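Accompanying notes for the structure given below.
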Amino acid sequence: MERHIVILGTGGTIAGTGHDSSRAWHYDAAQLSVDQLVAAVPDLAGVPLRCRQVAQVDSKDMNWSIWQALALALADELRRDDVAGVVITHGTDTLEETAYLLHRLHDGSKPVVLTAAMRPATAPDADGPRNLLDAVRALRWAEAQGHGGVAVVMAGQVWSGLHVRKAHTHAVDAFDGGGASALATVLPNGELLALVDAWPRSGGAGWSRLDTPVPPRVEVVTSHADADGVMVRALWAAAPDLKGVVVAATGHGTINKPLLEALRGLQQGGVMVWRSSRVARGGVVPRDGDEFTAVEGLTAAQARLALVLHALGARLNESEG
Ligand code: SIN
């Protein structure tokens with residue numbers, strides 16, 4: 001018997017509806033149910049699917065409790081023998097955070113494919129139906145190839161949950177891999193073409209890693225011209241529960257001197273300080289003698305989650321594959 005695919009809905013522009021067709025940006029995200037999204041794709045009729053609404057948000061409002069609900073639903077669905085894998089519909093704005101988080105938690109036994117859209121479902125040129133169909137195709141293909149793990153399908157490309165990030169504010173092909181290649185591409189006939197031999201190994205930290213009601217506090221600061229450390233000192237004064245800070249550093253992980261001094265003070269006070277880069281591609285490669293941990297190719301928002309997981313006992317190198 002063919003195993004079925006579960007589609008979990010969380011909201012986003014893919015589920016958005018517009019007010020004014022002449023002004024494409026006039027819409028509300030997270031209006032349509034995941035059942036409605038599936039019903040709008042004729043090619044999904046007859047595909048063994050089951051839908052489940054986990055949340056209904058504009059993903060700028062993503063938060064720990066929604067991630068907890070998502071982790072519970074994934075744990076529940078992925079352990080079932082009759083489930084081939086899970087597709088998640090999501091907003092694009094924090095897609096890279098959810099994808100990275102799930103990549104670190106998942107054991108990689110089955111494919112989990114996230115998808116989204118840059119245009120609301122009511123737009124005449126909506127990209128959501130095609131992306132949703134491609135996500136289901138990519139999941140079936142991954143299952144057949146024996147690929148487990150977390151991937152994102154957008155605009156005909158399949159990106160790893162480890163590397164994916166939003167790289168354009170309004171283009172339909174808004175995502176890239178920060179310098180890493182796509183895992184696969186969806187051909188015009190709907191078949192998948194592999195671009196790499198293996199998917200990055202999932203972190204395997206476990207869904208229950210999110211069981212804590214409140215996550216450890218980790219904040220992001222940016223290094224920029226004139227950064228004088230006031231943000232860091234104010235943060236430290238306002239948040240005594242601070243566990244970590246991620247610096248979105250300049251270039252290959254450099255930090256403006258006064259900010260650097262403030263961060264040293266923070267680290268001496270027991271707060272962990274990690275570095276990512278403001279630059280879109282390439283990341284910060286760790287080097288011997290680094291004063292602050294470098295998080296390779298993660299965006300600052302992903303690095304924040306890496307540090308949250310670190311504070312919860314999950315080690316960064318679990319996710320390198
Ligand atoms: C969202 O992230 O939920 C809104 C924007 C989008 O999906 O493109």
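Everything numeric in this text was worked out from a predicted model, so none of it was measured. When a ligand or atom number is given, it counts from 1 through the structure's own listing order.
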Requested in this report: Compare all side-chain heavy atoms of Val152 with those of Val113 and state whether any distance is below 4.5 angstrom.
Outcome: no
Pairs under 3.5 Å, N/O atoms on ligand 1 and on the protein: can you put them in a table with the distances?
residue: ligand 1; atom: 2 (O); partner: Ser59; partner atom: OG; Å: 2.6
residue: ligand 1; atom: 2 (O); partner: Thr92; partner atom: N; Å: 3.2
residue: ligand 1; atom: 2 (O); partner: Asp93; partner atom: N; Å: 2.9
residue: ligand 1; atom: 3 (O); partner: Asp58; partner atom: OD1; Å: 3.3
residue: ligand 1; atom: 3 (O); partner: Ser59; partner atom: N; Å: 2.6
residue: ligand 1; atom: 7 (O); partner: Thr13; partner atom: N; Å: 3.0
residue: ligand 1; atom: 7 (O); partner: Thr13; partner atom: OG1; Å: 3.0
residue: ligand 1; atom: 7 (O); partner: Thr92; partner atom: N; Å: 2.8
residue: ligand 1; atom: 8 (O); partner: Thr13; partner atom: OG1; Å: 3.2
residue: ligand 1; atom: 8 (O); partner: Thr92; partner atom: OG1; Å: 2.5
residue: ligand 1; atom: 8 (O); partner: Ala117; partner atom: O; Å: 3.3

Query raised in the report: So does Asp76 pair up with Arg52, basic N to acidic O under 4.0 Å?
Result: yes
Query raised in the report: Any chance CZ of Arg281 has more than 12 other-residue heavy atoms, nucleotides or ligands included, within less than 6.0 Å?
Result: no
Query - Pair Arg137 + Asp134: basic N to acidic O under 4.0 Å - result: yes
Report task. Kindly assign one of parallel, tilted or perpendicular to the pair Trp199 and His147, based on the angle between their ring planes and the thresholds 30° and 60°. Result -> parallel
Query - Electrostatic pair Glu219:Arg304 at N-O distance under 4.0 angstrom - result: no
